[in-house]
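All of these numbers come straight from a predicted model, not from anything done at the bench.
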Amino acid sequence: MKVDVLTLFPEMMDGVFRSSILGKAQEKDIVSLNAVNFRDYSGNKHGTVDDTPYGGGGGMVLKPDPIFSAVEDLLSQTSAPPRIILMCPQGETFTQQKAEELSSEKHLIFICGHYEGYDERIREHLVTDELSIGDYVLTGGELPAMVVIDSVVRLLPGVLGNETSAITDSFSTGLLEYPHYTRPAEFRGWKVPDILLSGHHANIEIWRREQALKRTLQRRPDLLDKMILSDQDRKIIKRLQQEQQESRN
């Protein structure tokens, strides 16, 4: 996969791109990560990329020409049609399902804005997707882009040491993930559940499924409404709900 990030602050990407999973993914030639300063495409000696909004109002608006020129330059270097993603508060809320969808692409281009916003023609005539990471406003699109890139790249084959890690992550199955434990078996009087020490893998899988359902019911019950649940899942949820009700009484 090739990932390009259009930004006025490419130095923000350096540490993230070189570190941890993203750094290792590049070392393995699984992904290429590239930050592009679209100020270089301003076309004027002052490097101006923004201007005041037509009709008045506060703030500055990013001009269309530098961003169009930067994207078109990137397009000239590739044959694979990219997904061009605008990071903005008005965009579709980013989810694990969206990460899985984007992980099948060969080329992603992220556009990170600053100031008051983008010229609307960028949104209407250039991008394929608009993404938001939540209902709040940040200084720019760089941090949201990093979040999306990390989430997507870790799903690529060969990136994680254990290929089942991404499959069983929270949200990948539609549920929050079950609890994890490691050595020591007892720490400060807190013991690992006996079932995990039993070596009975079928029973462990049943326990993990129940714990995932329980955690989702407690913390994100809205996720259950979107899932296709088995009859056994429904029985477990009904029992857990009864237990919750009894604990309140």
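- Residue pairs meeting the salt bridge (Lys or Arg N to Asp or Glu O under 4.0 Å) criterion with at least one partner in residues 15-43, sequence neighbours excluded, are absent.
- When side chains are defined from C-beta on, Asp119 does not count as touching Leu62, because their heavy atoms never get closer than 4.5 Å.
- Here the straight-line distance linking atom CE of Met146 with atom CE of Met12 works out to 4.5 Å at 0.5 Å rounding.
- The shortest non-hydrogen separation linking Ile111 to Tyr118 is O-OH, 3.3 Å.
- At least one side-chain heavy atom of Leu224 sits under 4.5 Å from a side-chain heavy atom of Leu213.
- Legend: residues meeting ring pair (Phe, Tyr, Trp, His ring centres under 6.0 Å) with His114, ordered by chain and number and at least two apart, are Phe9.
- To the nearest 0.5 angstrom, Ile109 atom CD1 is 8.5 Å from Lys2 atom NZ.
- Here the side chains of Pro144 and Leu131 are not in contact, with every heavy-atom distance at 4.5 Å or above.
- The hydrophobic clustering, which links ILVMFWY residues whose side-chain heavy atoms are closer than 4.5 Å, places Leu143 and Leu102 together.
- Contact between Pro157 and Ile30 at its shortest, heavy atoms only, is O-CD1, 3.8 Å.
- Using a 4.5 Å cut-off between side-chain heavy atoms of Ile, Leu, Val, Met, Phe, Trp and Tyr, with links allowed through other members, Leu197 and Ile195 fall into the same hydrophobic cluster.
- With sequence neighbours excluded, no residue satisfies side-chain hydrogen bond (donor to acceptor under 3.5 Å, both in side chains) with Gln26.
- Under a cut-off of 6.0 angstrom, the local environment of CG in Asp14 is crowded, with over 12 non-hydrogen atoms contributed by other residues, nucleotides or ligands.
- Put simply, the side chain of Val148 does not reach to within 4.5 Å of the side chain of Leu108, judged on heavy atoms.
- A continuous path of Ile, Leu, Val, Met, Phe, Trp and Tyr side chains, each step under 4.5 Å between heavy atoms, connects Val147 with Leu160, placing both in one hydrophobic cluster.
- Between Leu155 and Gln96 there is a side-chain heavy-atom pair separated by less than 4.5 Å.
- Judged as a side-chain hydrogen bond (donor to acceptor under 3.5 Å, both in side chains), and not counting sequence neighbours, Arg234 has no contacts.
- Side chain of Thr216 to backbone of Ala212: a donor-acceptor contact under 3.5 angstrom is found.
- The two residues Leu223 and Gly174 have their closest heavy-atom pair at CB-O, 3.7 Å.
- By the 4.5 Å heavy-atom criterion applied to side chains, Val36 and Thr7 are not counted as neighbours.
- Heavy atoms from other residues, nucleotides or ligands lying under 6.0 Å from CG of Asp135 number 12 at most.
- The nearest pair of heavy atoms linking Cys112 to Phe38 is O-CE2, 3.7 Å.
- Membership of an apolar cluster is not assigned to Ile228, as no side-chain contact below 4.5 Å to another ILVMFWY residue is traced.
- With hydrogens and angles disregarded, a donor-acceptor distance shorter than 3.5 Å links the side chain of Ser132 to the backbone of Gly134.
- Between Met1 atom CE and Ser104 atom OG the span is 7.5 Å, to the nearest 0.5 Å.
- As a member of the Ile/Leu/Val/Met/Phe/Trp/Tyr network built from side-chain separations under 4.5 Å, Val61 groups with nothing else and remains a singleton.
- Residue Tyr54 is found outside any hydrophobic cluster, as its side-chain heavy atoms come under 4.5 Å of no other Ile, Leu, Val, Met, Phe, Trp or Tyr.
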Stepwise side chain to side chain contact (heavy atoms under 4.5 Å, CB included) test for Asn34 and Met13:
CA-CA 9 Å; Asn34 179 42; Met13 304 290 172; over 6 Å; no

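- Once rounded to the nearest 0.5 Å, the distance linking CD of Glu130 with CD of Glu92 reads 10.0 Å.
- Between the CG atom of Leu156 and the CZ atom of Arg154 there is a distance of 11.0 Å, given to the nearest 0.5 Å.
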Sequence neighbours left out, cut at 3.5 Å: what donor-acceptor pairs do the side chains of residues 75-90 make with other protein atoms?
residue: Ser76; atom: OG; partner: Asp73; partner atom: O; Å: 2.6
residue: Gln77; atom: NE2; partner: Asp73; partner atom: O; Å: 3.2
residue: Thr78; atom: OG1; partner: Ala80; partner atom: N; Å: 3.3
residue: Arg83; atom: NE; partner: Asp129; partner atom: OD1; Å: 2.8
residue: Arg83; atom: NH1; partner: Glu101; partner atom: OE2; Å: 3.4
residue: Arg83; atom: NH1; partner: Glu105; partner atom: OE2; Å: 2.8
residue: Arg83; atom: NH2; partner: Glu101; partner atom: OE2; Å: 2.5
residue: Arg83; atom: NH2; partner: Asp129; partner atom: OD2; Å: 3.0

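- Remark: Ser69 pairs with Tyr41 by the side chain to side chain contact (heavy atoms under 4.5 Å, CB included) rule, at least two apart or across chains.
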With side chain to side chain contact (heavy atoms under 4.5 Å, CB included) as the criterion, how do Arg219 and Leu176 come out once you've worked through the C-alpha distance, each side chain's angles and the decisive distance to 0.1 Å?
CA-CA 9 Å; Arg219 302 182 184 186; Leu176 299 185; 3.8 Å; yes

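- The minimum heavy-atom distance between Val153 and Ala25, with the atom names listed, is CG1-CB, 3.9 Å.
- Closest of all the heavy-atom pairs between Phe94 and Ala99 is CZ-CB, 3.6 Å.
- Put simply, Phe187 and Leu196 are part of two different groups of oily side chains (I, L, V, M, F, W, Y) that touch within less than 4.5 Å, one to the next.
- Atoms CZ and NE2, on Phe68 and His125 in that order, are 7.0 Å from each other to the nearest 0.5 Å.
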Start with the C-alpha gap between Val152 and Asp150, add the side-chain angles, then the distance that decides, and say whether side chain to side chain contact (heavy atoms under 4.5 Å, CB included) holds.
CA-CA 6 Å; Val152 169; Asp150 184 275; over 6 Å; no

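- By the 4.5 Å heavy-atom criterion applied to side chains, Val16 and Ile149 are not counted as neighbours.
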Under the side chain to side chain contact (heavy atoms under 4.5 Å, CB included) rule, what do Arg215 and Gln211 come out as? Steps first, then yes or no, please.
CA-CA 6 Å; Arg215 181 161 287 185; Gln211 291 299 310; over 6 Å; no

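- Residues Lys98 and Thr93 fail the side-chain proximity criterion, which asks for heavy atoms closer than 4.5 Å.
- Criterion: ILVMFWY side-chain heavy atoms under 4.5 Å apart, direct or through other members. Under it, Trp207 and Leu175 are not part of a common hydrophobic cluster.
- Checked against side-chain hydrogen bond (donor to acceptor under 3.5 Å, both in side chains), Glu210 has the following partners two or more places apart in sequence or in another chain: Arg239.
- Shown here are the side-chain hydrogen bond (donor to acceptor under 3.5 Å, both in side chains) partners of Glu120, two or more places apart in sequence or in another chain: Arg123.
- For Tyr181, the ring pair (Phe, Tyr, Trp, His ring centres under 6.0 Å) criterion is met by no residue, not counting sequence neighbours.
- For Asp222, the CG atom counts as densely surrounded, since its 6.0 Å shell holds more than 12 non-hydrogen atoms of other residues, nucleotides or ligands.
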